[in-house]
Structures are given as C-alpha cells and as structure tokens.
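A short write-up of the structure that comes next.
Just so you know, these numbers come straight off a predicted model, no measurement behind them. Just so it is clear: chains get the letters A, B, ... in the order the sequence lines come, proteins before strands, and each one is counted from 1. These numbers come from the heavy atoms of this one structure, side chains and all, not from hydrogens, waters or symmetry mates.
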2 protein chains.
Amino acid sequence: MTETFKDVFKEKEISPSYTRKRIYEYLEQSKNHPTVDKIFKSLIDELPTLSKTTVYNVLKLFIEKGIVKMVNIKSSEMRYELNEYDHSHFKCTTCGTIYDIPKIIPQYNKDDISGFIVNEEEVNLMGVCPSCQHNLVIETKKEKKNGRNKTIF
Amino acid sequence: MTETFKDVFKEKEISPSYTRKRIYEYLEQSKNHPTVDKIFKSLIDELPTLSKTTVYNVLKLFIEKGIVKMVNIKSSEMRYELNEYDHSHFKCTTCGTIYDIPKIIPQYNKDDISGFIVNEEEVNLMGVCPSCQHNLVIETKKEKKNGRNKTIF
DNA sequence: GTCCTTGCAAAGCGTTTGCACAGAA
DNA sequence: TTCTGTGCAAACGCTTTGCAAGGAC
C-alpha cells in the first residue's frame, strides 16, 4: 500500500533520477491535483534549474507508465494525480479546487448504449466546498452590515 | 419542443442577427458538439467575412443566456452544444467523437460528501464507438491478410 | 564511446482582449 | 447620434517540439 517511489519506479522500469523522484513525491504529498505550473513553482526553489519542459516530460513518462493520470474537469488546463486508487471528483466552482471523493459507480441500462464498448466511466460532481460556503456566509454578513442584502445563492 | 431560433431568441432577449441565427441553427442540426474551429469552417463559405472572434462572441452570449453549454471531456479544446435536454455523454477514445446518451443519474451516499453543496452532476463514459469497432475489425483483417497478427485491443 | 535526462528557445494552438469600423435604432 | 454586432490584429496561456549540452553508464 505505502509503496515508496523506489518500488514504483523499479516495477515500472523508470530510472530514478532525482527530478523524477521529487515530482513523484510532490504528487504523493500534495493531494491537490496540481497543474504543471503548480508543480514547477513548488519545486523550483529546491531544483533551481528545473524547467517546465522537464515537468511535462516527466509527467508524460509517468502517464505512459501508468502511474499518473490526467484530470480535466470543466477547465482548459490539465491537472495531474497519482493513479493509485479509484475515486471520483468534486470540483468547487467557486475556488476551483478538486476534491477526491469515494468512487461513484454509474448505473445505467446497457441497452441504451448497445454497440458501444465502455472502457472507462467517470462521475464528476460540481458545487460549493465547505470552505467556500463559509466564506460566502461571511461575505453575506458583511454585506448585510453594509446595508445591502444578498442571499447566498 | 421544436422551437425555432426566433422563439428562443425572443424569450432570451437575443437580437436575431443573421450570424447568430446561423450559428444557432448549426448547433441545432449538427449534433456533434462542434469546436469553435468546426463551426467557423462550416459557416465560412456562407458567411465569408465571419471571424473566429465572432464565433467566440456569439457562443459566449449564448452561454450567458443559457441556451448553449460547454462540453469538455478529457480534452483541451472546448466543444459546444445546445442546452436543450439533459443527457450524458459517451466519448470515443479512437475518433474523439462525443455521443449523446440517455441521462445517467449517479447514485451515491450523501454522507460521503457531507458539507459539500452539489449543484451539478456529470457522468461521462469513454470507450470505442460502433463505427471505430467496425474499422478496427477491418484493419485487423487487412493485417492478417498481410501476414501480421494483431488483436483488436 | 553511447544513451538518457534535462532544459532553453521557439513554435503551435486555442482563446481572449483592444479597438475600430459599419450598420441599426 | 448612440448603441450594437462584427472582425482584424495582437496578446495571452498552456503545451509541444527541436535541438543541444551535460551527465550516467
């Protein structure tokens, strides 16, 4: 379960360069579906010569080897996560954060898509996360105090 | 049910320019979730002065008025569709075509996402469409004929 | 030596912005 | 006249490509 990067890299035949190790470990700790830019900015202090090209190269390799997955929910920029366990996603439409939630298995009538071969199923929920609800309540209170009036939704 | 663009535009207070009419009608006929480029290329013969900016402008207006929705399944480019009836999507990973399929309503335990407000649910299926399965079979037959051997998947 | 990893610089591509012209009201 | 729709040109942001330098083996 708690595999180190060494085990994973060995199993997938990825030569363990320091840059690859750090990008892998960053994905492992920060469970926030980072963008390339986020990964780059988070590691540039530690790896001063790092370039975005390298981040792209390493992620591409990880995806080919099956240890990383792209995440793309209603957005133009790609996000990345370790391909560890199956789960679904909740995207907060206020702050843009993507949360992992327990896997939702869609139920549907096979006859509706007869002739189609299904290899992958994806369920995404969109809405407002607890943190943003909290901020909205504070905003609303402020506005009431200022004489305005506004419901949360 | 079969509303004309006139009814829709009147209801949504969209002034019915010819360009808007044609973009709306294109979305209405071609149920293929077109990209901006697809729309542009499809209408440029008929509207020789059309620009992509205008396509973007019109789609942005339609989205604000709620008559068009963006579709974005595992891709960097946006696709568009009329916001007519609720449905789910199947994306063919071979040819990239997105098919409308009957709405799949995800079933999940509310306790799993307690504290989160869900405003939208999305189910996407990915796989191989009938047309691409057909082509793969033909390809495989050709390859067998040529002495090679390759399974479909 | 060869192979692989890295990274600069440039290009590519979809999208947005600034602005100006023309036609409608 | 003012407002609105359109569209050129440029900018922008994310991603990919070409290629070369440096290090590993």
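D37(A) and T35(A) form no side-chain donor-acceptor contact under 3.5 Å, judged by distance and modelled atom types alone. Side-chain polar atoms of H89(A) and E81(A) form a donor-acceptor pair below 3.5 angstrom.
Under a hydrophobic clustering in which Ile, Leu, Val, Met, Phe, Trp and Tyr are joined whenever their side-chain heavy atoms come within less than 4.5 Å, directly or via other members, I104(A) and F90(A) fall into the same cluster. Both Y24(A) and L50(A) belong to a common hydrophobic cluster when Ile, Leu, Val, Met, Phe, Trp and Tyr are linked at side-chain heavy-atom distances under 4.5 angstrom.
Here the range on DNA chain C touched by chain A, meaning any atom under 4.0 Å from one of its heavy atoms, is dT5(C) to dA9(C).
Nearer the 5' end of DNA chain C, as judged by each residue's closest nucleotide, is the contact made by T54(A), out of N57(B) and T54(A).
The minimum heavy-atom distance linking R20(A) with F62(A) is given by the pair O-CZ, 3.6 Å. The two residues S42(A) and Y26(A) come nearest to each other via the heavy atoms OG-OH, 3.1 Å. Here the closest heavy-atom approach between residue R79(A) and residue N32(A) is recorded as NH1-O, 3.7 Å.
Rounded to whole Å, the distance from NZ on K21(B) to C1' on dT6(D) is 18 Å.
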Protein and nucleotides 13-16 of chain D: nitrogen or oxygen contacts under 3.5 angstrom:
unit_1  : atom_1 : unit_2 : atom_2 : d
dC14(D) : OP1    : E77(A) : OE1    : 3.3
dT15(D) : OP1    : M78(A) : N      : 2.9
dT15(D) : OP2    : Y56(A) : OH     : 2.5
dT15(D) : O5'    : Y56(A) : OH     : 2.9

Using atom names, set out every protein N or O paired with an N or O of nucleotides 2-5 of chain D below 3.5 Å, distance rounded to 0.1 Å.
unit_1 : atom_1 : unit_2 : atom_2 : d
dG5(D) : OP1    : S15(B) : OG     : 2.8
dG5(D) : OP1    : R20(B) : NH1    : 2.7
dG5(D) : OP1    : R20(B) : NH2    : 3.1
dG5(D) : OP2    : R20(B) : NH2    : 3.4
dG5(D) : O5'    : R20(B) : NH2    : 3.2

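Figure legend: K110(B) and Y108(B) shown as a cation-pi pair, the cationic atom lying under 6.0 angstrom from the six-membered ring centre and within 45 degrees of its axis.
E77(A) is not listed as a side-chain neighbour of K38(A), based on a closest heavy-atom distance of 4.5 Å or more. Side-chain contact between K10(B) and V8(B) is absent, with no heavy atoms from C-beta onward closer than 4.5 Å.
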